[in-house]
Amino acid sequence: MSLIELSVRGDDRGSLVVIEQDIDIAFDIKRIFHIYGTRPNVPRGKHSHFITKQFLIAVNGSCKVTLDDGFEKITYELNQPNIGLFQDALIWGEMHDFSEDCVLLVLASEHYDENDYIRDYEKFLEASQ
Ligand code: TYD
């Protein structure tokens with residue numbers, strides 16, 4: 001299962017979610033980015049990576065993420081700030097159906113490198129089989 005439930009340390013002051021390397025996610029975090037200001041009918045992603053692994057959390061609002069291993073596509077809904085989705089290397093991913101208030105936080109295992117992107121679906125199928 002790619003969805004991971006993170007524990008919520010809450011009290012009457014509010015909620016707090018922790019993500020710890022080697023405890024909650026199984027890769028070293030080299031990069032963090034977040035996506036916001038998206039539009040409902042405008043998908044993002046539509047690519048895979050040769051080596052980068054990612055962990056995605058909708059820390060506000062909601063979106064859907066479709067992961068595709070070349071054989072099967074599974075769509076996950078991210079709509080809670082304590083639910084993360086693991087996207088392994090060589091998995092095609094598309095983010096879509098963003099709510100207006102969605103803030104999608106992404107933790108990545110590698111620094112940004114355009115050479116690690118596979119943006120052509122046929123090339124992804126070749127690389128992943
Ligand atoms: P892009 O990969 O198109 O976003 P998406 O996650 O929707 O596929 O990235 C958008 C722009 O941001 C593009 O110009 C590349 C740049 N970018 C970086 O400079 N560093 C990063 O870590 C990422 C993820 C993107």
Side-chain angles (χ1 to χ4, degrees):
M1 184 61 167
S2 303
L3 281 178
I4 291 159
E5 186 173 351
L6 303 158
S7 55
V8 180
R9 327 284 161 108
D11 57 31
D12 56 9
R13 297 169 301 159
S15 302
L16 187 152
V17 175
V18 184
I19 306 160
E20 286 196 69
Q21 182 177 304
D22 301 328
I23 297 174
D24 303 296
I25 57 174
F27 59 77
D28 292 358
I29 302 158
K30 289 206 183 131
R31 179 165 54 103
I32 300 173
F33 59 95
H34 57 280
I35 293 170
Y36 64 99
T38 50
R39 282 176 284 146
N41 297 316
V42 181
R44 301 189 60 115
K46 293 189 172 186
H47 53 65
S48 175
H49 295 276
F50 287 107
I51 60 168
T52 300
K53 300 170 185 186
Q54 298 190 136
F55 190 74
L56 303 93
I57 306 158
V59 291
N60 197 62
S62 65
C63 68
K64 291 180 181 169
V65 183
T66 299
L67 298 184
D68 175 357
D69 64 3
F71 295 98
E72 187 185 20
K73 293 179 190 183
I74 302 178
T75 298
Y76 300 91
E77 179 150 26
L78 298 181
N79 56 11
Q80 289 179 62
N82 68 316
I83 297 290
L85 179 66
F86 175 66
Q87 179 182 356
D88 208 344
L90 292 174
I91 297 289
W92 188 266
E94 178 177 334
M95 298 92 93
H96 51 99
D97 292 294
F98 289 92
S99 65
E100 261 182 37
D101 58 350
C102 184
V103 179
L104 182 65
L105 180 70
V106 183
L107 315 183
S109 66
E110 308 299 328
H111 293 293
Y112 179 71
D113 177 4
E114 186 57 37
N115 293 323
D116 186 47
Y117 279 70
I118 311 173
R119 296 190 183 275
D120 180 284
Y121 190 73
E122 294 304 317
K123 286 187 181 149
F124 156 70
L125 288 178
E126 280 168 30
S128 65
Q129 311 294 298

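Computed from a predicted model, the values in this text were never measured in an experiment.
- Both Phe98 and Leu85 are assigned to one and the same hydrophobic cluster, defined by single-linkage of ILVMFWY side chains at heavy-atom distances under 4.5 Å.
- No single ILVMFWY cluster, assembled from side-chain heavy atoms under 4.5 Å apart, contains both Trp92 and Phe86.
- Interatomic distance, Asp24 CG to Asn82 CG, rounded to the nearest 0.5 Å: 11.0 Å.
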Under 3.5 Å, sequence neighbours excluded: what are the donor-acceptor pairs made by side chains of residues 122-129?
| residue | atom | partner | partner atom | Å |
| --- | --- | --- | --- | --- |
| Ser128 | OG | Phe124 | O | 3.0 |
| Ser128 | OG | Leu125 | O | 3.4 |
| Gln129 | NE2 | Leu125 | O | 3.4 |

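- Within the hydrophobic cluster formed by Ile, Leu, Val, Met, Phe, Trp and Tyr side chains joined at under 4.5 Å, directly or through other members, Val18 is accompanied by Leu16.
- Partners of Thr52 by side chain to side chain contact (heavy atoms under 4.5 Å, CB included), not counting sequence neighbours, listed by chain and number: Arg31, His49, Gln54, Ala108, Ser109, Glu110, Asp116.
- Applying the salt bridge (charged side-chain N to carboxylate O under 4.0 Å, His left out) test to pairs two or more places apart or on separate chains, none has a residue in residues 32-51.
- Looking at residues two or more places apart in sequence or on another chain, you find a side chain to side chain contact (heavy atoms under 4.5 Å, CB included) between Glu114 and Tyr112, Tyr117, Arg119.
- Judged as a salt bridge (charged side-chain N to carboxylate O under 4.0 Å, His left out), the pairs with a partner in residues 9-22 (not counting sequence neighbours) are, in order, Asp11-Arg13.
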Please output the side-chain donor-acceptor pairs of residues 55-69 that fall under 3.5 Å, not counting sequence neighbours, one pair per line with the distance.
| residue | atom | partner | partner atom | Å |
| --- | --- | --- | --- | --- |
| Asn60 | ND2 | Asp101 | O | 2.8 |
| Thr66 | OG1 | Thr75 | OG1 | 2.7 |
| Thr66 | OG1 | His96 | NE2 | 2.7 |
| Asp68 | OD1 | Gly70 | N | 2.7 |
| Asp68 | OD2 | Tyr121 | OH | 2.6 |
| Asp69 | OD1 | Phe71 | N | 2.8 |
| Asp69 | OD1 | Glu72 | N | 2.8 |

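- With side-chain heavy atoms closer than 4.5 Å counting as contact, directly or through intermediates, Val42 stands alone and belongs to no larger hydrophobic cluster.
- For the atom pair CG of Leu105 and OH of Tyr36, the computed distance is 13.0 Å after rounding to the nearest 0.5 Å.
- Residues passing the side chain to side chain contact (heavy atoms under 4.5 Å, CB included) test with Ile29, sequence neighbours excluded: Gln21, Ile25, Phe27, Ile32, Leu107.
- Met95 pairs in a side chain to side chain contact (heavy atoms under 4.5 Å, CB included) with only one of the listed residues (Leu104, Leu78, Val106), which is Leu104.
- Residue pairs meeting the salt bridge (charged side-chain N to carboxylate O under 4.0 Å, His left out) criterion with at least one partner in residues 79-99, sequence neighbours excluded, do not occur; the list is empty.
- Under a hydrophobic clustering in which Ile, Leu, Val, Met, Phe, Trp and Tyr are joined whenever their side-chain heavy atoms come within less than 4.5 Å, directly or via other members, Tyr76 and Ile35 fall into the same cluster.
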